[in-house]
Structure formats: structure tokens, C-alpha cells
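For reference, the structure discussed in these notes is given below.
Values in this document were obtained by computation on a predicted structure and should not be read as measured data.
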Amino acid sequence: MKKMLLSLSALLLTLPMKAQSPSGYNEQEAVSLMKTIQGTPFERTTHPEAQWYPKAGLGLFIHWGIHCVTGTDPSWSMLSNVPWLKNDPPVKPQKYYKLAEEFQPGRYDAEKWVLAAKNAGFQYVVITAKHHDGYCLWPTNHGTYNTKNYMQGRDLLRPLVDACRKYGLRIGLYFSPRDWSNPDYPMPFKDHDYAQQIKGNRYPDGTNQRQFDKFFDYTVGQLSELLTRYGKIDVIWFDGIDWPGVNTHHEQLHAWLRALQPEIIINPRWETNEEGKSFGDFRTEEIAWRKRMTEGRPYAPGVWWEFNETWSGHWGYSPGARFRDINTVIAALVYARSYGGNYLPDVGPQPDGEMRPGFYDACVQLGQWMDINKESVVGTSDFDDWNNLCNVPLTRRGSTVYAHLLKDLPGEVKLQWKEKPRKVVLLSDGKEVPYSYKKGQLLIRLEPSRRGSADDVVKMVFE
């Protein structure tokens with residue numbers, strides 16, 4: 001009898017378990033919940049396990065999908081006359097979607113990706129589970145273009161989620177609510193021409209909401225899979241709906257996401273179509289902010305935000321494009337942190353699953369700086385306005401203040417402070433730095449012989 005019970009226990013362990021969200025919902029229950037849940041106005045999460053986000057500092061954005069087969073821009077390369085793709089010829093939609101037949105990443109090694117990211121100092125990873133083109137990196141039961149229909153059910157998300165958990169990184173899923181592959185989604189561009197944008201409602205007033213609701217059910221089906229199959233998801237990263245004139249059910253979605261994943265952090269790009277109604281735990285800035293990053297804080301103190309940009313080429317796999325110089329990468333990280341934001345540089349893996357040439361070298365360079373200076377950008381907080389206190393960017397950790405002497409800044413720190421520091425050291429060598437303190441002004445001059453990093457960080461310890 002005992003042997004029979006042991007055999008039965010072993011058998012039960014081998015049977016597939018129903019996937020669940022952290023709060024216990026499976027896929028079917030999650031879909032049903034959306035039909036009954038009471039919506040709530042969006043408020044930034046106060047969950048204790050979500051408070052890691054403003055301290056994270058550095059995340060890795062990954063754009064991967066069928067577009068990588070030809071090294072074209074994700075989704076947007078299907079359109080003609082796209083302003084940021086002037087040098088790239090458009091790909092006809094029929095040809096673009098045929099790439100799904102060629103996307104077979106046989107050399108995909110998620111652990112290799114994640115370990116390199118961890119050693120470089122990244123704290124979280126966000127990957128494009130689905131971009132605007134509608135191709136899904138998991139075997140979804142909803143839609144046409146996905147790994148279930150084109151990769152024999154292979155799941156490209158699972159290895160990355162598991163690797164992030166193994167190495168202690170947070171995991172975020174980018175999910176585009178707009179889906180250009182779905183026949184119910186109204187394309188906002190006539191003849192796939194960016195210059196011919198369609199304004200206003202895409203369906204007659206009498207059917208516009210009904211068509212959206214049908215599409216919304218499809219979207220909820222996919223989200224239910226993502227939010228129940230993979231355990232705890234740290235970030236959900238939406239990227240626009242672009243469907244005017246409809247109720248996008250943003251309050252129901254908000255309550256639903258919190259119910260399925262109580263600790264999740266939600267980005268701001270699920271459009272509400274309602275003036276004065278906001279959405280999202282944090283705000284985002286993209287490439288254009290780099291030109292403004294020395295000008296001052298983009299958001300009020302206390303607002304969570306993130307700066308994301310391409311690390312090389314366009315958002316997807318861009319063969320031959322050079323990675324940004326380490327000095328420009330560190331500068332973006334430092335300015336973002338000095339204003340309370342995170343930095344999210346993006347990379348596009350190759351179609352065979354390898355990271356593109358240059359990624360691992362770039363991670364090593366970043367890691368070398370982070371090994372010494374990580375304490376000045378990860379786990380830190382900011383000042384309401386450091387520009388009124390100092391001539392260089394500042395971050396802080398309790399009573400410790402870090403002054404960042406970036407490559408293009410002089411080796412001098414002028415800080416208005418109410419007390420004399422107990423200790424001043426240079427992080428790169430751990431040795432003390434001479435300073436003077438008089439009438440509330442701290443003056444530190446770093447000798448040229450002690451400079452040389454992308455950012456020479458001076459650590460000031462106050463009582």
C-alpha cells in the first residue's frame with residue numbers, strides 16, 4: 001500500500017499544473033474576472049514589494065521578434081515615409097509577415113543574456129512579448145502570428161523569465177495593445193503610409209465601441225496568458241492603443257492587473273481617451289530626452305520615471321550599427337538618476353538567438369564602471385534640485401552624497417552644504433580627496449592624474 005501511495009505521488013508530480021498568477025487565478029479565471037471586476041481610478045502602487053522600482057537605476061530593454069530576420073525596425077518598417085527610418089526602405093506587410101516562417105532562434109541562450117546583464121549592473125529586463133506587428137514570443141491561443149503557429153509551440157519568454165529569477169533580476173513584459181495583424185484593429189495609416197495618418201474615429205460611431213470591445217476581449221485573452229503562466233511579473237510595459245472615440249476600459253484594466261499581479265508596476269501607455277484621466281505608475285522619456293538631459297528635471301520630485309533609448313542602431317536587431325560610447329551611456333544613467341529616474345537602454349538580438357556583436361563587450365565596459373561605482377546610482381535617491389546646490393550631478397544614499405564628474409565636466413566640485421563632511425573619497429581608488437570647507441561651501445578639486453573614468457565619482461560622507 002505504501003509503495004502504491006509513493007508511486008501515485010510521483011505520478012502527480014509529473015502531471016502538468018495549471019498555471020496561476022501570484023494571486024491564484026488561472027487563465028480562464030482571469031478572463032472571467034475581467035467581465036465582472038469593478039473598475040477603479042488609477043493610483044500609483046503603494047504595495048511594499050513594488051517599491052524597488054525608483055531605486056533600480058538600470059534596466060535592459062530587449063526588442064525581439066520576426067523583424068530581426070532582416071534587421072528591420074520593429075513593426076514600423078512595414079510603413080512607408082516613417083520619419084526616423086529615412087535611410088531604410090519599407091518592407092511590404094505581406095513580406096514582413098512571411099518572416100515568421102524564417103524566425104528560428106536555434107542558438108538562443110537566455111541565461112547567457114541575463115548573466116551578462118547582471119554582471120553589467122542591470123537590475124531588471126523588459127522584453128517585447130508582443131510589438132505592434134502582433135507577433136507573440138509565446139504560444140498564445142489568440143491570434144495568428146506567434147510561436148504556437150510558427151515555432152511548434154516553443155516558448156521564447158519562459159527561458160528569459162526563468163533566467164531572470166535565477167540571477168536575481170526583475171522581469172518586465174512589453175505588450176503592445178495595438179495589433180496590426182488583427183483584422184479587427186483599425187490601421188491608423190492609409191495604405192501603410194505614415195504620411196497618410198487617419199484622424200478621428202476609424203469606425204462609424206454606432207459600431208466603434210462594439211468593434212473595440214471585441215478587440216479588447218482578444219487583448220484580455222493574451223494578457224491573461226502572460227499574467228498567469230509565468231508567475232510573478234514585475235513590470236507590464238504597454239505601448240499605445242491608438243483607437244480614438246472609445247472607452248478603453250482603463251479603470252477595469254487597472255483593477256484587474258492589480259488583482260492578478262498585486263505587486264506589478266504598470267507603465268503609462270494604456271491610453272484612456274479621457275481628458276484628465278491618467279494611467280501608469282511611472283512616466284517615460286525616449287531618445288529625444290538625451291538632448292535635454294542637462295537642462296533639468298523632466299518631472300516633479302517623487303514622480304517615478306524612466307528614460308529609454310536605443311543602445312545601438314534602431315530598436316530591433318541592427319547589424320553593423322555601433323553601440324553607444326560608454327561615456328554617453330554613463331552620462332545618461334547619471335543624469336537620469338540625479339533626477340530620480342531609471343535608464344533603460346535597448347538592444348535587439350539576432351534571428352539565431354545570439355545577442356548581436358558588441359553586446360557582451362559593451363556589458364563588460366559597463367560592468368567595469370559599475371563594479372566600482374554602482375553604489376552611486378543603484379539604490380540611491382535624488383535631490384529636488386541639485387542644480388541649486390552643486391555644479392555637477394548629485395545622487396545620495398542617506399547621509400552620503402555622490403558627486404559625478406562626467407567625462408566632459410571639469411574636475412572640480414562646488415557644493416553648498418550646511419555641514420562639513422566627515423570623509424571625502426574617490427570611488428575609483430578608495431583614497432581620500434583633499435577639500436576645503438568655508439561658509440557653507442565645500443570645494444573639491446580632483447587632480448588630473450586621478451581622472452580617467454567615464455564618470456569619476458566623489459563620495460562625501462556626512463554625519
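Ionic pairing of Arg269 and Asp239 is present here: one or more N-O contacts between side-chain nitrogen and carboxylate oxygen are shorter than 4.0 angstrom. Remark: Glu295 does not engage Arg292 in a salt bridge, criterion side-chain N to carboxylate O under 4.0 Å. Arg297 has a carboxylate O that lies under 4.0 Å from a charged side-chain N of Asp382, or vice versa, which qualifies the two as a salt bridge. For Asp109 and Arg107, the salt-bridge test fails: no basic side-chain N is under 4.0 Å from an acidic carboxylate O. Ion pairing between a basic and an acidic side chain is recognised when a charged N comes within 4.0 Å of a carboxylate O; Asp133 and Arg178 show no such pairing. Classification of Glu251 and Arg258 as a salt-bridged pair fails, no side-chain N sitting under 4.0 Å from a carboxylate O.
When only modelled atom types and interatomic distance are considered, Gln209 and Asp213 share a side-chain donor-acceptor pair under 3.5 Å. Between the side chains of Asn342 and Arg337, at least one donor N or O lies within less than 3.5 Å of an accepting N or O. No side-chain donor-acceptor contact under 3.5 Å links Ser312 and Arg322. Judged purely by distance below 3.5 Å, without hydrogens or angles, the side chains of Thr140 and Glu225 pair a donor atom with an acceptor atom. For the 3.5 Å distance criterion, the side chains of Trp243 and Asn201 fail to qualify, holding no donor opposite an acceptor. A donor atom on one side chain and an acceptor atom on the other are not found under 3.5 Å apart for Asp242 and His132. Between the side chains of Ser338 and Trp386, at least one donor-acceptor pair of N or O atoms lies under 3.5 Å. For the 3.5 Å distance criterion, the side chains of His254 and Glu43 fail to qualify, holding no donor opposite an acceptor.
Take Ala117 and apply the side chain to side chain contact (heavy atoms under 4.5 Å, CB included) test, not counting sequence neighbours, and it matches Leu60, Phe122, Leu169. Not a single ring-ring contact (aromatic ring centres under 6.0 Å, His included) links Tyr230 to another residue, sequence neighbours left out. Under the salt bridge (Lys or Arg N to Asp or Glu O under 4.0 Å) criterion, Lys166 pairs with Glu111, sequence neighbours left out. In this structure, the side chain to side chain contact (heavy atoms under 4.5 Å, CB included) partners of Ser181, at least two apart in sequence or on a different chain, are Tyr97, Tyr145, Asp179. Considering only residues two or more places apart in sequence or on other chains, Tyr174 meets the ring-ring contact (aromatic ring centres under 6.0 Å, His included) condition with His63, His131, Trp237. Under the side chain to side chain contact (heavy atoms under 4.5 Å, CB included) criterion, Gln350 pairs with Tyr317, Asp352, Glu354, Arg356, Pro357, sequence neighbours left out. Remark: Tyr402 pairs with Glu375 by the side chain to side chain donor-acceptor pair (under 3.5 Å) rule, at least two apart or across chains. Taking Arg324 as the reference, Glu309 meet the salt bridge (Lys or Arg N to Asp or Glu O under 4.0 Å) condition, with sequence neighbours excluded. Listed by chain and residue number, Val364 satisfy the side chain to side chain contact (heavy atoms under 4.5 Å, CB included) test with Gln368 (two or more places apart in sequence, or in another chain). Checked against ring-ring contact (aromatic ring centres under 6.0 Å, His included), Tyr108 has the following partners two or more places apart in sequence or in another chain: Trp64, Trp113. With sequence neighbours left out, Trp289 forms a ring-ring contact (aromatic ring centres under 6.0 Å, His included) with Trp305, Phe307.
Considering only heavy atoms from C-beta on, Phe189 stays 4.5 Å or farther from Ile198 through its side chain. Residues Thr40 and Trp256 have side chains not in contact (no heavy-atom distance under 4.5 Å, counting atoms from C-beta outward). Considering only heavy atoms from C-beta on, Gln261 stays 4.5 Å or farther from Ile236 through its side chain.
Checking side-chain atoms of Asp234 against main-chain N and O of Gly172 turns up no donor-acceptor pair under 3.5 Å. Here the side chain of Trp138 pairs no donor or acceptor atom with the backbone of Arg229 at under 3.5 angstrom.
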query = Could you go step by step and tell me if Trp76 and Trp84 meet the ring pair (Phe, Tyr, Trp, His ring centres under 6.0 Å) rule?
reply = CA-CA 10 Å; Trp76 297 101; Trp84 60 90; 5.3 Å; yes
request  = Assess whether side-chain contact (heavy atoms from CB on, under 4.5 Å) is satisfied between Ile37 and Gln252, documenting all intermediate values.
outcome  = CA-CA 6 Å; Ile37 198 163; Gln252 289 91 337; 4.3 Å; yes
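In terms of heavy atoms, Arg397 sits closest to Val378 at NH2-O, 2.6 Å.
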Donor-acceptor contacts, no H, no angles, side chain residues 47-59, under 3.5 Å, sequence neighbours left out:
from: His47; atom 1: ND1; to: Glu49; atom 2: N; distance (Å): 3.0
from: Gln51; atom 1: NE2; to: His47; atom 2: O; distance (Å): 2.8
from: Tyr53; atom 1: OH; to: Glu306; atom 2: OE2; distance (Å): 3.2

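Aromatic ring pairs are classed by plane angle as parallel below 30°, tilted from 30° to 60° and perpendicular above 60°; the pair Phe279 and His250 is perpendicular.
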